[in-house]
Amino acid sequence: MNSELRIGSFTSSRIGDLMKEGKVKGSFGAPALTYIEEKNMERRLGRPLKGDTDAKACDWGHLCESFVFDMLGLEYSTVSKQTRVHPEVDYWCGTPDSICYGNHNTVVDIKAPFTLKSFCQLVDGWKSNGIQGIRDNHKDGDKFYWQIVSNAILTGCDEGELIVFCPYKSQLQEIYSRGIDLKWLIYTPEDDLPWIPDGNEEYKNINKFRFSIPGPDRTALKNRILEAGEILTPLKPITV
């Protein structure tokens with residue numbers, strides 16, 4: 001992942017904020033305006049802001065992502081270290097987790113929620129109404145949707161796939177071994193981590209949710225980014 005490309009640029013992981021409208025239809029809502037201002041701060045500073053992130057949740061996500069890749073088929077290509085920039089909009093970029101090559105190239109994002117409630121909401125949402133069910137049923141469902149739409153545009157993919165993972169209890173030891181350098185994980189009891197009992201009939205560890213991305217949503221996202229770009233200040237050159 002090239003962090004310099006992301007300075008002052010709208011990224012797929014937060015692009016959903018721009019789609020949140022204000023009270024007046026078509027206007028930018030508070031999350032969008034906050035996000036634009038954060039990007040302007042970066043542009044004035046010439047360096048990225050440090051966001052408020054849950055370190056444990058991020059560590060867990062990275063560990064599980066590598067674990068999931070080892071179980072996916074050869075058609076899945078790891079691209080999580082390649083930041084893509086839109087060919088026409090230089091302040092729009094994203095870093096997808098994977099691309100699955102087939103009849104329809106599919107951009108892939110892997111989520112390993114740090115709580116069982118979040119995991120169940122994503123899986124249950126899909127069972128109820130596909131990707132729209134996830135958008136309606138999970139507090140970050142809309143964010144995940146627009147992240148995948150953005151990455152699909154940046155990679156030229158036709159489809160999106162959200163992979164939702166939670167390990168079986170029997171897989172925890174392997175994950176512990178991969179996180180041997182993480183002191184918090186080594187001292188965390190198993191029951192304080194998200195896992196599914198082996199043999200559970202309601203939920204499985206790997207859930208693949210693939211969907212087509214409507215053309216109107218691609219257009220709406222690009223137009224929204226172009227509109228937000230008009231509020232960006234000039235990017236301060238990085239000097240040594």
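Hydrogens, waters and symmetry mates play no part in the numbers below; they use all other heavy atoms, side chains included. It should be emphasised that the depicted structure is a prediction, and the values quoted were computed from it without experimental measurement.
Side chain of Asp97 to backbone of Ile110: a donor-acceptor contact under 3.5 angstrom is found. Between the Asp54 side chain and the Ala57 main chain, a donor and an acceptor come within less than 3.5 Å of each other. Panel note: side chain Ser66, backbone Leu63; a donor-acceptor pair is recorded below 3.5 Å. Within the 3.5 Å criterion, the main-chain N or O of Pro87 finds no donor-acceptor partner in the side chain of Asp90. Between the side chain of Thr106 and the backbone N or O of His104 there is at least one donor-acceptor pair closer than 3.5 Å. Of the possible donor and acceptor atoms, none in the side chain of Ser118 sits under 3.5 Å from a partner among the backbone N and O of Phe114.
Under a hydrophobic-cluster definition in which Ile, Leu, Val, Met, Phe, Trp and Tyr are linked whenever side-chain heavy atoms come within less than 4.5 Å, directly or via other members, Met71 and Ile196 are assigned to different clusters. Val164 and Trp60 fall into different hydrophobic clusters, where Ile, Leu, Val, Met, Phe, Trp and Tyr residues are linked whenever their side-chain heavy atoms come under 4.5 Å apart, directly or through other members. Criterion: ILVMFWY side-chain heavy atoms under 4.5 Å apart, direct or through other members. Under it, Leu232 and Leu221 are part of a common hydrophobic cluster. Placement of Val79 and Val149 in two distinct hydrophobic clusters is found when ILVMFWY residues are connected by side-chain heavy-atom separations under 4.5 Å, directly or transitively. There is no path of hydrophobic side-chain contacts, each under 4.5 Å, that joins Leu72 to Val123.
Every residue meeting the side chain to side chain contact (heavy atoms under 4.5 Å, CB included) condition with Asn129, not counting sequence neighbours, appears here in chain and number order: Gln132. Every residue was checked against the ring-ring contact (aromatic ring centres under 6.0 Å, His included) condition with Phe69, not counting sequence neighbours, and none meets it. Residues forming a side chain to side chain contact (heavy atoms under 4.5 Å, CB included) with Thr233 (at least two apart in sequence, or on another chain): Asn40, Arg43, Arg44. In this structure Phe165 satisfies the ring-ring contact (aromatic ring centres under 6.0 Å, His included) test together with Phe67, sequence neighbours excluded. Listed by chain and number, the residues in a side chain to side chain contact (heavy atoms under 4.5 Å, CB included) with Asp192 are Thr188, Pro189 (sequence neighbours excluded).
In this structure, Asp142 pairs ionically with Arg135, as a charged nitrogen and a carboxylate oxygen lie closer than 4.0 Å. The pair Asp17-Arg14 meets the salt-bridge criterion, with a side-chain N (NZ, NE, NH1 or NH2) lying under 4.0 Å from an Asp/Glu carboxylate O. Looking at Glu42 and Arg6, no side-chain N of the basic residue comes within less than 4.0 Å of a carboxylate O on the acidic one, giving no salt bridge.
Glu190 contributes atom CD, which lies 10.5 Å from atom CD1 of Ile175 (distance to the nearest 0.5 angstrom). Distance SG/Cys64 to NZ/Lys111: 13.0 Å, rounded to 0.5 Å. Distance CG/Leu154 to CD/Gln82: 12.5 Å, rounded to 0.5 Å. Rounding to the nearest 0.5 Å places OG of Ser212 at 11.5 Å from CG of Asp217. Going from atom CD of Glu230 over to atom CD1 of Ile36 covers 10.5 Å, rounded to the nearest 0.5 Å. Distance CG/Leu18 to CZ/Phe28: 6.0 Å, rounded to 0.5 Å.
Under a cut-off of 6.0 angstrom, the local environment of CD1 in Ile186 is crowded, with over 12 non-hydrogen atoms contributed by other residues, nucleotides or ligands. Other residues, nucleotides and ligands contribute over 12 non-hydrogen atoms within 6.0 Å of the NZ atom of Lys208. More than 12 heavy atoms of other residues, nucleotides or ligands shown are found within 6.0 angstrom of NE2 on His86.
Under the 4.5 Å side-chain criterion, counting only non-hydrogen atoms from C-beta, Trp126 is not in contact with Leu162. With a 4.5 Å cut-off on side-chain heavy atoms, Leu122 and Asn137 do not count as touching. The shortest side-chain heavy-atom distance between Pro31 and Lys20 falls under the 4.5 Å cut-off. Residues Arg84 and Pro96 form a side-chain contact, since some pair of their non-hydrogen atoms from C-beta on lies under 4.5 Å apart.
Using modelled atom types, one finds a donor on one side chain and an acceptor on the other under 3.5 Å when comparing Trp92 with Ser150. Checking Asp124 against Tyr203 by side-chain atom types alone, a donor-acceptor pair falls below 3.5 Å. Residues Asn205 and Trp195 have side chains that never bring a donor and an acceptor to within less than 3.5 angstrom of each other. Under 3.5 Å, the side chains of Tyr76 and Glu161 contain a donor-acceptor pair of N or O atoms. For the residue pair Thr95/Thr83, the side-chain donor-acceptor check at 3.5 Å is satisfied.
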* Could you go step by step and tell me if Phe119 and Thr115 meet the side chain to side chain contact (heavy atoms under 4.5 Å, CB included) rule? -> CA-CA 7 Å; Phe119 169 78; Thr115 70; over 6 Å; no
* **Ile15 vs Gln147, side chain to side chain contact (heavy atoms under 4.5 Å, CB included): CA-CA, chis, key distance, verdict** => CA-CA 6 Å; Ile15 216 82; Gln147 178 180 8; 5.5 Å; no
* Trp184 and Asp59: CA distance, side-chain angles, deciding distance, side chain to side chain donor-acceptor pair (under 3.5 Å) verdict -> CA-CA 10 Å; Trp184 72 264; Asp59 288 341; 2.9 Å; yes
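Counting only residues at least two apart or on different chains, the side chain to side chain donor-acceptor pair (under 3.5 Å) pairs with a member in residues 21-36 are Thr11-Tyr35.
Cys93 approaches Ser9 most closely through the heavy-atom pair SG-CB, 4.0 Å.
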